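For reference, the structure is listed below as structure tokens.
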Amino acid sequence: MSGGACERRCFPSISRSPLKEQKLVNLNEGSKASNKSLDRKHWILQQRRSLPIASVERRLVDEVRKNDTIIIVGETGSGKTTQLPQYLFNAGFCRDGKVIGITQPRRVAAVTVAKRVAEECDVQLGQKVGYAIRFEDATSTSTRIKYMTDGLLLREALLDPILSRYSVIIVDEAHERTVHTDVLLGLLKKVQDARLKQHKLDKPYINNVVKFDNECHSSNMKFSPLKLIIMSASLDAKGFSEYFCGAKAVYVQGRQYPVDILYTYHPEPDYVDATLITIFKIHLDDSPGDILAFLTGQEEIELVDMLVHERLKQLPELSRNILTVPIYSSLPSEQQMNVFRPTPSNFRKVILATNIAETSVTIPGVKYVIDPGVVKSRYYNPVTGMESLIIMPISKAQALQRSGRAGREGPGKCFRLYPESEFWKLIDSTVPEIKRCSLSNVVLQLKGLGFDDIIGFDFMDKPSRSSIKQSLQELYLLGALTDDCKLSDPVGIQMTRFPLDPIYSKALILAGEFKCLEEMLIVVAMLSVESIFYSPREKLEEARSAWKKFSSPDGDHLTLVTIFRAAVEYREKIRAATNKEKAIDKSLSRWCRDNFINNRSLKHALDVHSQIKVYLKQMDMALSSCGDDVLQFRRCLTASFFLNAAEKQPDGSYRVKANGQKVQIHPSSVLFRTKPECIIFTELIQTNQIYVRNISRAWMPELSKYYDVES
DNA sequence: GAGCACTGC
């Protein structure tokens with residue numbers, strides 16, 4: 001057995017003395033029903049007052065008054081997300097009906113925080129306090145504190161480029177540096193400039209950087225300067241401060257219990273094995289408390305799960321009280337909920353998680369964290385346009401985030417399965433997503449906002465020139481950009497309006513012309529969500545035979561159409577029998593289970609479908625169907641995805657016509673055995689080999705319009 | 001004949 005021995009050492013920057021215990025009003029004892037809500041209010045007030053941020057309320061409000069931009073560095077548990085908007089509201093920042101907007105990278109955070117703040121303010125959600133996320137708008141004209149996802153605010157900016165409704169925008173979790181956050185930061189900087197100039201001139205502001213919509217032009221509105229607050233949990237505020245021209249940074253203390261950090265003496269050659277050893281070491285040597293182990297993916301989690309149970313058999317009966325709970329994003333939600341179930345007494349829960357447990361999900365009861373120091377991360381090659389997932393070392397910030405998960409409820413321990421010297425070699429923070437992904441969407445969105453010079457755009461971290469050029473090229477080939485790199489009218493402008501990958505937006509526009517919009521809309525919705533197929537390893541054969549009835553000889557795209565239509569048809573049948581939404585949901589999820597379809601993905605696809613349908617109607621695009629005319633659909637698919645056409649080679653592999661890349665058909669495709677001469681694919685992924693997934697037969701006469709017949 | 005971290009509009 002290798003390693004697993006940990007050197008005990010305290011890592012100073014995270015160990016912090018616990019706050020004094022809070023005296024809380026007991027909700028259960030002695031309170032009559034009529035007093036309960038009063039008690040609850042009292043309890044909430046106490047909670048609010050006890051937050052670390054409460055002691056600096058006045059100072060924070062002063063700083064916001066004095067500065068147009070400030071950076072707030074607040075650690076976990078400081079209360080910045082829930083309290084600051086309330087402080088600003090009370091200080092009069094919503095006068096004249098203006099709104100305080102708070103952005104979050106994740107939907108679930110926007111919703112839960114809004115609910116909490118509405119309760120604290122003792123108002124109904126959707127009134128003074130509300131939230132807006134894709135598919136869900138819980139706001140009204142009286143909403144003054146609005147939580148939303150950062151991507152949604154970007155969409156809003158397309159309609160109102162100077163964000164005229166907002167007096168304050170708070171960008172929360174900015175340290176995560178998602179693509180949306182980064183684009184938003186650049187945009188907000190410009191909006192701030194524009195509003196400031198207009199304010200000083202005291203007349204409507206017009207320039208060529210920020211476009212105004214007609215309403216703004218005609219109403220001759222006057223705009224107050226935009227207050228901007230960047231909130232980050234990372235200790236390094238310098239980057240943000242420099243980007244915002246030396247903006248002041250304010251530190252707010254967090255509330256976190258001390259976490260002992262332990263390193264190994266030597267590097268571990270096999271982190272899976274080291275994880276196992278550490279799980280058992282904690283279980284046998286340490287006091288009660290649940291263990292959270294970070295692994296890289298589903299397969300690894302399943303492996304460790306199995307190995308834990310295997311080794312458990314070797315332990316004496318009394319020590320076999322371990323309960324393993326896996327959690328990763330593609331796990332059905334009922335199974336995800338298992339991590340929140342209380343651990344049976346005398347049992348130790350071992351949570352085997354991907355990075356979903358780093359930020360998205362907070363699991364109570366965790367006292368021990370095992371951090372092997374690796375993560376599966378997306379890697380994008382701008383030259384080939386290829387994405388792949390690779391296992392790589394985490395950053396220092398990520399390591400801190402992980403160890404912090406052990407100190408939420410009491411003092412904890414974190415076992416880093418690497419030597420301390422390795423920790424110091426890790427990069428400080430994860431490379432911002434904008435440097436690791438395709439920029440086609442970002443470029444299109446910026447063009448839509450009126451920024452023509454993308455290479456010169458003031459990004460906090462500039463993506464590589466080649467990455468931008470690749471995206472410009474792609475958008476040009478899709479017809480979204482003109483020869484002089486301006487947004488084309490109407491195609492480019494229409495494309496900015498769809499919340500989809502640009503290539504899918506173009507497919508919808510073309511499908512209107514080809515009279516198969518109904519089918520393409522389904523395809524685009526199904527391709528926009530996570531995999532629709534649920535394939536548990538132990539029931540793979542059963543799953544395959546369940547999918548067989550949907551399969552189309554023309555390819556995966558029409559197979560997806562068949563599945564979607566079968567699901568809708570089933571739902572309507574149930575709806576005819578009952579009008580209870582819950583019963584319909586339940587039946588549909590049973591249908592999904594019987595057919596090995598991922599319920600969550602299907603629901604998501606239904607949502608996307610209905611959302612896009614509304615946009616299509618607004619744009620006067622009629623939902624035409626090609627009926628049984630499969631050729632018509634293939635023509636349209638070929639015209640839409642001509643960039644993704646590939647030809648069969650003598651050895652059975654394929655060659656992408658646009659760039660010569662050699663690829664294989666993924667075995668999950670319905671065309672895997674058929675191997676048609678020429679295919680259209682909508683996904684390219686590198687694993688052990690370079691695979692294309694979601695494939696249909698190309699329609700050659702259409703394809704020859706885009707490529708020389710010879711080549 | 002293979003295997004998909006996590007988000008988001």
Side-chain angles (χ1 to χ4, degrees), chain A residues 103-110 132-137 148-159 173 176-184 294-303 327-331 353-361 374-379 387-392 394 398 401 430 433-434 436-437 441-442 444-445 448 495-502 504-505 524-525 528-537 540 544 598 601 604 607-608 611-612 615 652 664-669 671-673 675 683-694:
Chain A
T103 71
Q104 296 288 331
R106 277 172 296 280
R107 297 160 53 93
V108 61
I133 58 178
R134 188 183 187 183
F135 312 129
E136 257 182 272
D137 185 357
M148 64 198 128
T149 44
D150 41 19
L152 197 98
L153 184 59
L154 274 177
R155 283 275 149 202
E156 264 189 33
L158 282 171
L159 301 174
E173 314 284 8
E176 289 192 24
R177 302 292 306 277
T178 66
V179 184
H180 287 157
T181 305
D182 273 20
V183 176
L184 194 57
F294 285 100
L295 295 160
T296 63
Q298 174 179 350
E299 207 175 9
E300 209 169 86
I301 286 172
E302 283 169 352
L303 175 70
I327 181 164
Y328 44 87
S329 125
S330 59
L331 195 70
T354 58
N355 332 3
I356 194 171
E358 233 172 56
T359 46
S360 307
V361 175
V374 283
V375 66
K376 198 180 274 185
S377 176
R378 175 182 286 159
Y379 172 80
E387 280 184 347
S388 48
L389 287 167
I390 49 169
I391 294 174
M392 53 185 288
I394 57 171
Q398 243 175 323
Q401 177 69 27
T430 313
E433 194 188 0
I434 203 160
R436 307 183 272 127
C437 71
N441 225 339
V442 169
L444 184 64
Q445 218 158 8
M495 282 171 69
T496 60
R497 301 193 50 192
F498 292 111
L500 295 168
D501 273 355
Y504 294 161
S505 305
V524 161
S528 295
V529 303
E530 325 77 78
S531 175
I532 209 84
F533 299 101
Y534 175 57
S535 40
R537 185 173 309 210
L540 212 55
R544 240 174 247 156
N598 186 321
S601 303
H604 192 181
D607 280 339
V608 175
Q611 186 193 29
I612 305 295
Y615 285 119
Q664 307 280 343
I665 294 187
H666 194 274
S668 64
S669 171
L671 295 181
F672 177 68
R673 283 172 203 282
K675 288 207 190 318
E683 191 183 7
L684 177 74
I685 188 148
Q686 181 168 21
T687 52
N688 289 333
Q689 295 197 62
I690 298 168
Y691 287 107
V692 286
R693 276 198 300 203
N694 291 322

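Please read all numbers here as calculations on a predicted model, not as lab measurements. Because only heavy atoms are used, hydrogens play no part in the values below, and waters and symmetry mates are left out as well, while side chains stay in. Within every chain, numbering begins at 1; the chains are lettered A, B, ... in the order of the sequence lines, protein sequences first and strands thereafter.
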(request) Among the candidates B:dC4, B:dC6, B:dC9, find the nucleotide nearest to the side-chain atoms of A:T354. (result) B:dC6

(message) On DNA chain B, compare the nucleotides closest to A:L500 and A:N355; which residue's is nearer the 5' end?
(response) A:N355

(request) Check whether any side-chain nitrogen or oxygen of A:S668 sits under 4.0 Å from OP1 or OP2 of B:dG1, and answer yes or no. (result) no

(request) Check the distance between B:dG3's C1' and A:I391's CD1 and give it to me in whole angstrom. (result) 12 Å

(request) Whole angstrom is fine here: how far is it from CZ in A:R378 over to C1' in B:dA5? (result) 9 Å

(request) Kindly write out the residues that satisfy side chain to side chain donor-acceptor pair (under 3.5 Å) with A:E299, not counting sequence neighbours, or none if the list is empty. (result) none

(message) Just to verify, what does A:R134 make a salt bridge (charged side-chain N to carboxylate O under 4.0 Å, His left out) with, not counting sequence neighbours?
(response) none

(request) Would you indicate what A:Y328 reaches in the nucleic acid, counting non-hydrogen atoms under 4.0 angstrom: base, sugar-phosphate, or nothing? (result) sugar-phosphate

(request) Assign A:R544 to base, sugar-phosphate, or nothing according to its heavy-atom contacts below 4.0 angstrom with the strands shown. (result) base

(message) For a quick check of understanding: with a heavy-atom distance under 4.0 Å over all strands, which category does A:I356 fall into, base, sugar-phosphate or nothing?
(response) sugar-phosphate

(request) Can you figure out which of B:dT7, B:dC4, B:dG1 approaches the side chain of A:F672 most closely? (result) B:dG1

(message) By nearest atom, which of the nucleotides B:dG8, B:dG3, B:dA5 is closest to the A:H180 side chain?
(response) B:dG8

(request) Mind checking A:Q298 for me? I need base, sugar-phosphate or nothing, with any heavy atom below 4.0 Å counting as a touch. (result) sugar-phosphate

(message) Counting the atoms with a prime plus P, OP1 and OP2 as sugar-phosphate, which does A:S329 contact under 4.0 Å by heavy atoms, base, sugar-phosphate, or nothing?
(response) sugar-phosphate

(message) I want to verify a distance call: between B:dC4, B:dT7, B:dA2, whose nearest atom is closest to the A:L540 side chain?
(response) B:dA2

(message) From CG of A:L159 over to P of B:dC9, roughly how many Å is that when rounded to an integer?
(response) 15 Å

(message) It should be established whether A:N688 places a side-chain nitrogen or oxygen under 4.0 Å from OP1 or OP2 of nucleotide B:dG3.
(response) yes

(request) Quickly work out the A:R134 CZ to B:dT7 P distance and round it to whole Å. (result) 15 Å

(message) What contact category does A:S528 fall into here, base, sugar-phosphate, or nothing, at under 4.0 angstrom with non-hydrogen atoms?
(response) nothing

(request) State whether A:R107 places a side-chain N or O below 4.0 Å from either non-bridging phosphate oxygen (OP1 or OP2) of B:dC9. (result) yes

(message) Distance check needed: B:dA5 C1' versus A:I685 CD1, whole Å only.
(response) 11 Å

(message) By the 4.0 Å heavy-atom rule, please label A:L158 as base, sugar-phosphate, or nothing.
(response) nothing

(request) Measure from the side-chain N and O atoms of A:T181 to the backbone N and O of A:R177, and report whether any donor-acceptor pair falls under 3.5 Å. (result) no

(message) Rounded to whole Å, how long is the line connecting atom CD of A:E299 with atom P of B:dA5?
(response) 9 Å

(message) Distance check needed: B:dA5 C1' versus A:E530 CD, whole Å only.
(response) 13 Å

(request) Quick one: do A:S531 and A:N598 satisfy side chain to side chain contact (heavy atoms under 4.5 Å, CB included)? Show the steps, please. (result) CA-CA 7 Å; A:S531 175; A:N598 186 321; over 6 Å; no

(message) Of the options B:dC4, B:dG3, B:dG8, whose atoms approach the side-chain atoms of A:R106 most closely?
(response) B:dG8

(message) Please pick, from B:dC6, B:dG3, B:dA5, the nucleotide with the shortest atom-to-atom distance to any side-chain atom of A:S360.
(response) B:dC6

(request) Apply the side chain to side chain contact (heavy atoms under 4.5 Å, CB included) test between A:T354 and each candidate in A:V375, A:T296, A:I301; give the one that qualifies. (result) A:I301

(request) Return no unless some side-chain N or O of A:S377 is found under 4.0 Å from OP1 or OP2 of B:dC6. (result) no

(request) Tell whether A:R673 reaches the base of B:dG1 with its side chain through a donor-acceptor pair below 3.5 angstrom. (result) yes

(request) Please determine if a side-chain N or O atom of A:T687 lies less than 4.0 Å away from the OP1 or OP2 oxygen of B:dG3. (result) yes

(message) Please find the pair of heavy atoms, one from A:F135 and one from A:Q611, that lie closest to each other, and give the distance.
(response) CE2-OE1, 3.5 Å

(request) Could you check how far NZ of A:K376 sits from C1' of B:dC4, rounded to whole Å? (result) 7 Å

(request) Examine the side chains of A:T178 and A:H180 and answer whether a donor and an acceptor come within less than 3.5 Å of each other. (result) no

(message) Can you identify which nucleotide, out of B:dC4, B:dC9, B:dA2, has its nearest atom closest to the A:P667 side chain?
(response) B:dA2

(request) State whether A:T178 places a side-chain N or O below 4.0 Å from either non-bridging phosphate oxygen (OP1 or OP2) of B:dG8. (result) no

